[in-house]
Every structure is written in C-alpha cells, then in structure tokens.
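Numbers here simply count residues along the sequence, with the first being 1. Excluded from the calculations below are hydrogen atoms, water molecules and symmetry mates; all remaining heavy atoms, backbone and side chain alike, are included. Each ligand, and each atom within it, is numbered from 1 in the order the structure gives.
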Amino acid sequence: MDWTLTIDDISDTQLEQALSLAHVPTLMATLMHLQGSCDPLRGDIRPHVTQLAEEEDGLSEGARDKARKLALAAIIAHRDAGCPALPTPDDAMVTETMQYITGVPFPEEQLELMREELNLLGEDRRRVNVDTVSVPAGYRVLVIGSGMSGILAAIRLQQAGIDYLLVDKNPEIGGTWYENTYPGCQVDSANHLYNYIFEPNHQWPAHFSDRKTLFNYFQGVAQRHDVRAHARLNTRVTSSTYDESSNCWRVDFEDSQGRTTQDSFSAVIAACGQLNTPAMPDIPGVDSFQGITFHSARWEHQHDLSGKRVAVIGTGCSATQFVPAIADQTGQMTVFQRSPNWLLPVEEYHQPVSEEELWCFRNLPFYARWYRFFLFRARAIDGLLPYLYGEEDWQGQPLSVSPKNAELREAMEAYIREQAGDDLALADALVPNYPPGGKRPVLDDGSWISTLKRDNVTLETSPIAEIIPEGIRTADGAIHEFDVIIYGTGFHADHFLLPIQFTGRDGRDLHDTWQGDPQAYMGITVPGFPNLYLLYGPNTNIVVGASIIFFSECEMRYIMGCLKMQFEQGLASLEVREAICREYNDSMDERNRMCAWGSPHVSSWYKNANGRVSQNWPGTHFEYWRQTKKPDPGDFLAH
Ligand code: NAP
C-alpha cells in the first residue's frame, strides 16, 4: 500500500486499514474535531486508564470497533467534502475531550497545565518572552552542556534575544545520546512524550526509539534553532568564579588540546546532566583483569564479541538493554546480578510504529497532539506514582511501603514469575526483595528474562568477591574465566557539576558547601551562588511518569522568569535565600523518606553517599509545574 497518500486521495479500504491500528481514545478526539461536537464522547465508548490494567485504554474490543467505524465514516465524509478547514473547538469542548481521553477526571486546578501540555494550536506556552530593551547591554549567558537540557536552554535564550555561549566537552552536541552508543541503547520513556513541546516529532520509527534516532532528533532541533552558531565544542569548563564587583562569572575553559582561555558571563546555566560520569564498581582487583574490559557508557565497538566468554556486571536499565542485544553474538555470557530490578511490562518496548500509525499521525486532524496528550495524562498524571508513596506505620516493609505498593508488588511479581515459567530458581532470583519503585523499574517486553533463559547465558547471583587477571572470583569460591568484562554499573549520579570548581559569593566553594550532599532550591538555584542556575539539578529526577524533558522545560521557564525579573527590576544579581532553600530541602527529605525509593532497605543511584535521596523529585508533575511557573521575588536576595 502507498502510505504517502494523504486524506484527500486515500481509498476507503486503505483508510479502514490505517484506522485498524489507530489508538482509539485519540481517534475519538479526532472525531470531536471532525464533527465539531463532543456528542460522540458521551456515548458508551469510554476509556478508563488504570496503570495496573492490562489494556492500556480500558476499552473492550467491541467499543474499539464501534469507535473505528464512527471515525471511518466521519473521515470519509471529511475527505469527500474536500477536507475543509475544521473550526477550532471552544474551551469547553477541549476540556471535555481532555477529561474523556483517559476516562479519569482531573481537578480544575490542573486545567492550565493540561491545556499547556496539549498545545493544540502549537502555542508553546512554556516560552518566556523578554522585552529585549530591558536586557542590559553585553548581557551574555554561559550554558554548560549540550544534552537535552542544554539545547533547550540555548533555544529559550535565543528566543528571548539573549546572547549566550554553549560549551560541551564532547566533539558533538547531544549529551547522553552522543555518549551512550552501547548496543540496544534506546529511550525508556514513551518517545511521543520524549520530545520538546515546541518541537514535536510525530514520526518516531518506534515507540521507544534507538539512541541514533534520538541523537538525530536533538541534532536536528539544534540545527533548526541555529544553536551551533553559539556552540564551542571539545571544551571543558574547569572553574567558574563569581566576581562580586562586576556581578559576573569569570569562567576558565580548557579545550581538547589542553589550551586554556577565560571569559566572563552575566549568568551561568549548568546543564551537566546526572548520568554521565561512569561509575566503576568498588570491587577488589578491578584493574587486574587481563582481558578486554569497558563500561557500557564508553562502549568499545572495535571488539568482536563472537564466541567470546563475556561477563556483565550489573542489571540496571543499561545492562537490561545491551545484554539482550549482544547475547546471541557471545559464545557464553554470565550476568552478575547483585540485586534484581523490578520489570514494568511494556508490550511495545521494541516495537516499531507501523506504517498505518505513522499515516494517522501525519494525516488525521489533531491526532498527533491528542496522542501525546493521552500519554501525558496516562503516564504523568494518573501514573504509577500513587503506588510508590508509603504509609507511616505500614507493616509490609521491607517488601512494600503501602497497601497500594503491595498491590503493585503482587502484579509485578506475577509478571516476573510468568516470564520465568517453570524455572522457579530463576524466578526466585529475579523477584526483588525491596519495594517496587525503590529503584528505577526496567521496561520490559519479555526480552530480559528470555535472554537470561538462553542456553549461552547464565545468571550469577553469588556476590563478586574479587576481579582477578583471568576473570571473576565469586564469594562461593568459584572462579569464572572470561575474555571480556562489561561494566553496566551505572553512573556517579550525585556528582553534580563535578569536576568543575564553582566559587560563589564570599569565596564560597560549591562542592565544599555541599559536602557530597547537593541541594538546590527547586533543583535550580543555590544560596551563595548568584546568577547560577542548574538544569536537571538535585531532586529533579523522576522515577516513573512522563519524560524528563517536561521537567527541564519547567526548570527553563523558571530560569527565564528569573532573568526577566532581574532585567525588569534592573537587578545586578539574584540569589536564593538560604532559609528558603533549606526549608525546601527539608520538605524534599521528608517526602522522599515516605517514597519507595526512600526506603532504608534500598540502595540505588537515587541516594548519595550520605544515604540522602539527592536525585528524586517526590511529588507530582503538576506540583513541579506549579512551583516553577514563575519565580517568587520574595525567595531571592536581589542586589
Ligand atoms: P544503575 O541503574 O545504577 O545500575 C547499575 C547496576 O550495576 C546495578 O544492577 C547495580 O547493582 C550494579 N552494580 C553496581 N556496583 C556493583 C558492584 N560493586 N557489584 C555488583 N554489581 C554492581 O545504572 P544504569 O543501568 O546505567 O542506569 C542508570 C540510569 O540511567 C537508569 O536508572 C535510567 O534512569 C538511566 N538510563 C536510561 C536509559 C534510557 O532511557 N535509554 C538507558 C539506560 C539507563 P545494585 O542494584 O545492587 O546496586
């Protein structure tokens, strides 16, 4: 079939075929536009999304058929009428459709967020416009890091007419999507949500596309917004010192040849990421292995793994992506598991988006925007979060943190056991002894456990005692010989902004101030460090939900709000008040303590060396959106 046809010239049969794979609640939203009425939404085709339900939209097959027939008739009528322009639905119709699409009501107070996220007419309400006349002459911002957040910062500054320099230590823009090239690397957030609100892509080749596709997306966005013209690559920031007399940051750079330069900036936005300093495990003898060895984030593609005896250490999100991708090449593979991960079933995890679906995204009126909105509602608002909150005197610890969490545990354990089948020992080894949500769950379509069940793959659960020249010695005394050891051992997530030295007001050193326990107000600003802003800073990571891009967009709106406030009020610097930041972080700690990831029985990259949850945001997406919408002048010391 020719899927380049548009609605104008597609046949009834082909249209029917396209709709057979369309997402039904989204199709109903398109029907609302076509009919200019919410009447079709008021009948018996009513989605109801619950995270624990097997069917994502909660509709019966009969209801789906009925919806498809209604939509087919309406689209044929639209086509036969020559595809006239559709009237813009009024606010009440949009709200009713927003309420309809997941079948779960949302409170009135969330309406503004919902409208912003739906972005029906491409309004981009997260953009902050600045009166360029108010921008002081020579005002220039340094953005450190050109990953997803850094590119966003660059674009927002550019849109506001603020001069900036974007630096990155790498030779390419792209951050994590440039650095992680391991086999099987793909995004583990729904891809139709994992894109900027102002640069939607509705033509993802897969529901969870591979890293090359993501890398190309970010490169493409950067190119369209001319970010490269402001970028200096192969350049590290080594230190940055706040000069109180000029209210500027004096920044030292070093390029890949070791040449150093210095420059001054009115403000610094650090978009350095949380997950980019590979962590090697603290195992005796780690340097003694004589074979090939590398970390997943620094994959050495030159090695042919065919027939090799390969050890993998770690079973987190990275390992569970690359192990299934390479298992068939290796001669024999042993996966060393210290603790198992919870698996979150996602059927379409490795599925391409079909031609039919791609056609719907391209052609059906407003279908793509409503699909993204459906994902946002289903994942971010009505998502798993309520299942991850704990109850104070719950007796189910350490296995669960609340009755709802126990319910989730039961469903997730059943999934693992079903996958493991008759192999009860494997099932027992794979069921975590900590609450669901304690660590980031691994998305799974069955590929993890089916890989572990392969004849050439062994799951080793005896702890690693030592790495030796020929391989690994486990605590049970066994010697395992290998040709290759691959470390899927994650990142030093809590090393925020390291190794850059930041010296703030009164000569205060940022890392000395933090003492290994990074804290910031809203994850964005730090007392004593005026005009310094962080993206994806402390306590801004999400465990489940929409995508981290949503958080970066909220953070960047807040930062732009700070700059705007500073310009409009003619302030030379803005610095968050110490007490405000402390109070905020006390509340973070209190709330994180009550979450599954705050359980004292869990250790993960969500916690820093002090055992404090320094990475995660404990609230809802709505709460973070609300608190970052606009800075409160009262939170700041202004000079
Ligand atoms: P990780 O989740 O921190 O996993 C590290 C693994 O190494 C864990 O299984 C850990 O075991 C194990 N490990 C660490 N030190 C060890 C030691 N001394 N001995 C034995 N095992 C050891 O790291 P990751 O898999 O790289 O994932 C990090 C985060 O990156 C993810 O949570 C996710 O947010 C993100 N990520 C995203 C994507 C994506 O979207 N495409 C892909 C990959 C990663 P324990 O659990 O017992 O500590």
Side-chain angles (χ1 to χ4, degrees), residues 147-148 175-177 179-191 193-194 206-215 273-286 295-299 311-325 334-344 346 349-350 429-430 432-434 437-444 448 459-467 472-475 485-495 536 540-549 551 597 601-608 615-617:
M148 175 276 287
T176 200
W177 300 112
E179 289 185 358
N180 284 274
T181 62
Y182 60 79
C185 181
Q186 61 178 72
V187 64
D188 67 358
S189 300
N191 216 159
L193 269 179
Y194 191 82
H207 294 280
F208 297 84
S209 302
D210 61 35
R211 55 87 35 191
K212 191 73 203 294
T213 304
L214 270 300
F215 176 68
Q274 290 192 7
L275 298 162
N276 56 17
T277 309
M280 290 297 279
D282 187 13
I283 300 174
V286 75
H295 188 278
S296 63
R298 300 286 180 270
W299 197 272
V312 171
I313 302 181
T315 54
C317 293
S318 297
T320 49
Q321 288 187 341
F322 73 72
V323 165
T334 303
V335 177
F336 289 84
Q337 173 186 280
R338 187 165 65 178
S339 26
N341 266 45
W342 285 109
L343 304 177
L344 201 58
V346 176
Y349 191 42
H350 287 105
L430 291 176
N433 61 3
Y434 58 84
K439 303 181 193 226
R440 170 130 174 131
V442 166
L443 303 195
D444 182 66
W448 177 239
L459 180 71
E460 180 57 64
T461 55
S462 179
I464 298 174
E466 188 187 5
I467 302 215
I472 291 174
R473 187 173 62 76
T474 41
I485 298 179
I486 305 175
Y487 292 95
T489 42
F491 302 89
H492 291 294
D494 61 328
H495 286 193
Y536 199 19
T540 59
N541 182 62
I542 46 169
V543 179
V544 289
S547 92
I548 201 65
I549 296 184
F551 276 70
W597 51 83
H601 308 285
V602 184
S603 77
S604 75
W605 66 265
Y606 294 157
K607 293 179 179 171
N608 62 27
Q615 314 301 126
N616 289 352
W617 164 246

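- Among all protein heavy atoms, the one lying closest to atom 40 (O) of ligand 1 is D188 OD1, 2.6 Å.
- The closest approach between any non-hydrogen atom of Y182 and ligand 1 is below 4.0 Å.
- The part of I283 lying near ligand 1 is the side chain, judged by heavy-atom distances below 4.0 Å.
- Closest heavy-atom contact between A319 and V312: CB-CG1, 4.3 Å.
- Taking distance alone, with nitrogen or oxygen atoms compared against 3.5 Å, Q186 approaches ligand 1 more closely than that limit.
- Taking 4.5 Å as the limit, some side-chain heavy atom of I313 sits within range of a side-chain heavy atom of I464.
- Of all the heavy atoms of L275, the ones lying under 4.0 Å from any atom of ligand 1 belong exclusively to the side chain.
- Of all the listed residues (Q274, R338, M280), R338 holds the heavy atom that lies closest to atom 21 (N) of ligand 1.
- Under 4.0 angstrom from ligand 1, there are no non-hydrogen atoms of Q337.
- Note on ligand 1: C185 sits outside its first shell, no heavy atom being nearer than 4.0 Å.
- Nearest to atom 47 (O) of ligand 1 among the protein's heavy atoms is S339 OG, 2.3 Å.
- The protein atom (non-hydrogen) at minimum distance from atom 36 (N) of ligand 1 is C317 CB, 4.0 Å.
- One side chain, Y349 or Q321, offers a donor N or O that lies under 3.5 Å from an acceptor on the other.
- Across all non-hydrogen atoms, the minimal contact from M148 to I548 is CE-CG2, 3.5 Å.
- For the pair F336 and ligand 1, no heavy-atom separation below 4.0 Å is found.
- In this structure, the side chain of T315 engages the main chain of S339 through a donor-acceptor pair within 3.5 Å.
- In this structure, H207 has its ring center at least 6.0 angstrom away from the ring center of Y194.
- Near G490, the atoms of ligand 1 lying under 4.0 angstrom from a non-hydrogen atom of the residue are 3 (O), 5 (C), 23 (O), 24 (P), 26 (O).
- Every atom of ligand 1 with a heavy atom of I313 under 4.0 Å away is listed here by number and element: 20 (C), 21 (N).
- For atom 4 (O) of ligand 1, the closest heavy atom belonging to the protein is G316 CA, 3.7 Å.
- Every atom of ligand 1 is numbered from 1 in the order shown, and the set under 4.0 Å from a heavy atom of R440 is 32 (O), 33 (C), 34 (O).
- Remark: ligand 1 and W605 share an N or O pair separated by less than 3.5 Å (distance only, no angle test).
- Between the side chains of E460 and Q337, no donor N or O sits under 3.5 Å from an acceptor N or O.
- Between atom 24 (P) of ligand 1 and the options S318, G314, S603, the minimum heavy-atom separation is to S318.
- Distance from atom 18 (N) of ligand 1 to its nearest protein heavy atom, with residue and atom name: P281 CB, 3.2 Å.
- Residue contact annotation: K439 has a non-hydrogen atom under 4.0 Å from ligand 1.
- Considering backbone and side-chain atoms together, G488 places an N or O closer than 3.5 Å to an N or O of ligand 1.
- Looking at ligand 1, you won't find any N or O of S296 less than 3.5 Å from one of its N or O atoms.
- Counting only distance, with no hydrogens or angles, the side chain of Q274 and the backbone of D494 share no donor-acceptor pair below 3.5 Å.
- Residue contact check: T315 has heavy atoms under 4.0 Å from atoms 6 (C), 8 (C), 9 (O) of ligand 1.
- Because its NZ or CZ atom is not both nearer than 6.0 Å to the ring centre of Y606 and within 45° of the ring axis, K439 does not count as a cation-pi partner of that residue.
- Note on ring orientation: taking the six-membered ring where Trp is involved, the planes of Y182 and W299 are tilted (angle from 30° to 60°).
- Residue F491 has at least one heavy-atom neighbour below 4.0 Å for each of these atoms of ligand 1: 26 (O).
- Look at R440 and D188 and you find a salt bridge, because one of the NZ, NE, NH1 or NH2 atoms lies within 4.0 Å of a carboxylate O, short of that distance.
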